[in-house]
Every structure is written in C-alpha cells, then in structure tokens.
Chemist: 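Have a look at this one before I ask anything.
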Amino acid sequence: MNDIKNFVLIIKAEIQKQQQYDYHSPFVYFSLLIWPILGFFEVYYTYQPFSLTGYPGISNNREFLAFLGSGFMAYTCFWSMVQNAWSMSSQERSGGTLEIAYLSPANRLALTYGKALGALLQEVWMFCCFCVFLLFCTGTLRPANLFLMPLIFLLLILSSTLWGGMLNAIFLFSRDSSIVMDVFDTPMTLFSGARIPVPCFPRWARVLSLCFPLTYCLNLIRFLLHIQESENGWQKDLAGLALCLGIMAALTFIFLRKAERRSRETGELQFY
C-alpha cells in the first residue's frame with residue numbers, strides 16, 4: 001500500500017512541477033484551446049467540398065463532424081504526449097536537471113508517467129469540452145449514452161499516458177529528439193483514423209495503423225457512440241488495445257533500464 005501511495009505522490013509532484021513551469025498564465029490555457037480548434041476546422045473545411053458518401057459509415061456533414069470531433073478529441077490527447085515528451089526532455093537537458101531521473105530514489109516509472117500526465121491534464125481538458133459540445137450538437141452524444149463519457153475519458157487517459165511514458169523513456173537516449181517526435185507523430189496522425197477512416201486506406205496502410213494504440217481507441221470510442229461501426233468488432237479492438245498497452249509498458253521499463261545503464265557507463269554526474 002505504501003508503494004502505491006508513493007507512486008501516486010511522485011506523479012502528483014511531477015504534475016505540479018509542470019504546472020508551475022509551463023502553465024502559469026491564463027493566456028497559455030487560451031492558446032491550448034484555440035490551436036486544436038483551428039486545426040479541427042482546417043480539416044473540416046478541407047473535406048467539406050467533396051462528397052462524403054463514399055466513406056464507410058459517413059453519409060452527411062453531421063456524421064462527418066461527429067467523426068472528426070471524436071478523432072480530434074482522441075488525437076489531441078496522444079499528440080500532447082508526443083509534444084510534452086520532447087519538450088520536457090529538451091528543457092531538462094538544457095537546464096541540467098535530467099540527471100534527477102537517475103539520481104533520485106523516486107520510482108523511475110512514476111517520474112516518467114508523471115511527466116506524461118502533467119501534459120495530458122493541463123493541455124487536453126479544454127479541447128475535450130469543445131469536442132463533447134460538438135458531439136451534443138451533432139446528436140451523437142445523447143442522455144442515453146452520456147454515462148459512457150467517463151469510460152471514454154478513462155480509456156483515453158490510460159492509453160495516452162502509457163504512450164507518453166514510452167516516448168519519455170525513448171527521448172532519454174538522444175540529445176536531439178525532434179526527429180523521433182516526427183517519426184512517431186506524423187504516421188499516427190495519418191494512419192490512426194483521426195482524420196480519415198482507416199477502411200479508406202490500402203491494405204498495407206491498414207496493417208500499419210494496427211501499430212498505434214490510437215487506432216484501437218478511436219474504434220472503441222466510435223463504436224460506443226455509434227459513429228462508425230468497427231469492421232472487426234469491439235472485442236478485437238479491445239484485445240488489440242490491451243496488447244499495445246502491455247507492449248508499451250514493457251518497452252518503457254526496458255528503455256528506462258537501458259538508458260540508465262548507458263548513462264552510468266558513458267556519462268558523468270553532470271550530463272551536459
């Protein structure tokens with residue numbers, strides 16, 4: 001029980017640290033809301049002039065808005081993990097505090113997931129409120145299925161936190177992590193189904209989409225909200241998501257051990 005309590009306290013401390021460092025002004029929160037909304041409408045008005053009847057499960061603008069709203073709500077959670085993992089690694093390297101991850105007696109996994117959750121809770125909640133409002137306006141979210149929203153948010157928080165934790169562990173290996181951020185984020189944006197339905201892709205792209213946990217999250221969310229029925233059924237998507245999360249948790253632990261061992265062998269007390 002004490003181990004669990006200490007794990008939670010470490011995560012809480014990491015969240016508070018990021019709030020004091022990055023989220024100290026109301027203008028920061030305003031920008032975190034306006035940019036994802038502008039990106040949402042950019043995609044919507046890009047596709048609006050074209051016929052939507054060819055997309056599986058989407059036959060009109062109302063259904064397309066619900067499709068994009070759910071996609072952007074989930075994608076913003078995962079994107080914030082990629083952005084924050086890269087940003088915090090760069091800040092801690094330049095500030096000379098990255099070695100805390102190795103010198104501190106705190107649990108390494110708690111530190112890693114605390115960094116991820118700090119970005120998620122601070123950056124995503126306003127845009128999620130906008131997406132929930134959008135789902136109400138399109139008639140997708142009704143009082144009959146409103147009770148599913150806590151389940152959907154729990155699914156997003158768990159999945160994106162494990163995703164962000166893995167990326168934080170990967171970024172411990174490199175001084176310049178921008179290329180790694182691009183490698184992970186751009187394919188996820190394209191192939192996960194956040195903007196384009198996965199069935200519209202060729203077979204090789206659909207196979208690639210299975211590598212991203214966001215794909216399974218979106219399939220489950222849209223299944224729960226009856227936005228777009230899954231071809232494989234929710235059981236296969238849930239099993240695929242559980243497998244992805246298990247692999248990411250294992251890789252995070254392995255990467256943390258390898259990065260610490262590598263730093264002890266090749267680094268100094270002050271890394272840079």
Chemist: Do F191 and F201 have ring centroids that are under 6.0 Å from one another?
Modeler: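 Yes; F191 has its ring centre under 6.0 Å from that of F201.
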Chemist: At what distance, to the nearest 0.5 angstrom, does CH2 of W163 lie from OG1 of T252?
Modeler: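 Separation between the atoms: 10.5 Å.
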Chemist: Mind checking whether L109 and F7 have side chains closer than 4.5 Å, heavy atoms only?
Modeler: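 Of all side-chain heavy-atom pairs linking F7 with L109, at least one is under 4.5 Å.
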Chemist: Within the 3.5 Å criterion, strictly below it, is a donor on Y75 or S192 matched to an acceptor on the partner's side chain?
Modeler: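 No, no side-chain donor-acceptor contact under 3.5 Å.
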Chemist: Within the structure provided, determine whether T215 and F212 are in side-chain contact (heavy-atom separation under 4.5 Å).
Modeler: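 The answer is yes, as the side chains (C-beta and beyond) meet within the 4.5 Å cut-off.
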Chemist: Does the pair S159 and L241 meet the rule for a side-chain contact (heavy atoms from CB on, under 4.5 Å), with working shown?
Modeler: CA-CA 8 Å; S159 302; L241 179 61; 3.8 Å; yes
Chemist: Using modelled atom types and a 3.5 Å cut-off, is there a donor and acceptor pairing between side-chain atoms of R222 and backbone atoms of F67?
Modeler: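 Flag set: sc R222 to bb F67 pair under 3.5 Å.
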Chemist: L224 and side chain to side chain contact (heavy atoms under 4.5 Å, CB included): which partner among N219, L151, L155?
Modeler: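 Testing each of N219, L151, L155 against L224, the sole residue satisfying side chain to side chain contact (heavy atoms under 4.5 Å, CB included) is L151.
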Chemist: More than 12 heavy atoms of other residues, nucleotides or ligands under 6.0 Å from CZ of F136: yes or no?
Modeler: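 Check passes, neighbour count above 12.
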Chemist: For F253, does the CZ atom sit with more than 12 other heavy atoms under 6.0 Å from it, leaving out its own atoms?
Modeler: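 Atom CZ in F253 is not packed in, count stays at 12 or less.
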Chemist: Drop me the distance from M73's CE to L156's CG, to the nearest 0.5 angstrom.
Modeler: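 With rounding to 0.5 Å, CE (M73) is 6.0 Å from CG (L156).
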Chemist: Donor-acceptor pair, distance only, cut-off 3.5 Å: does the side chain of T138 make one with the backbone of L135?
Modeler: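 Here the side-chain-to-backbone pair exists.
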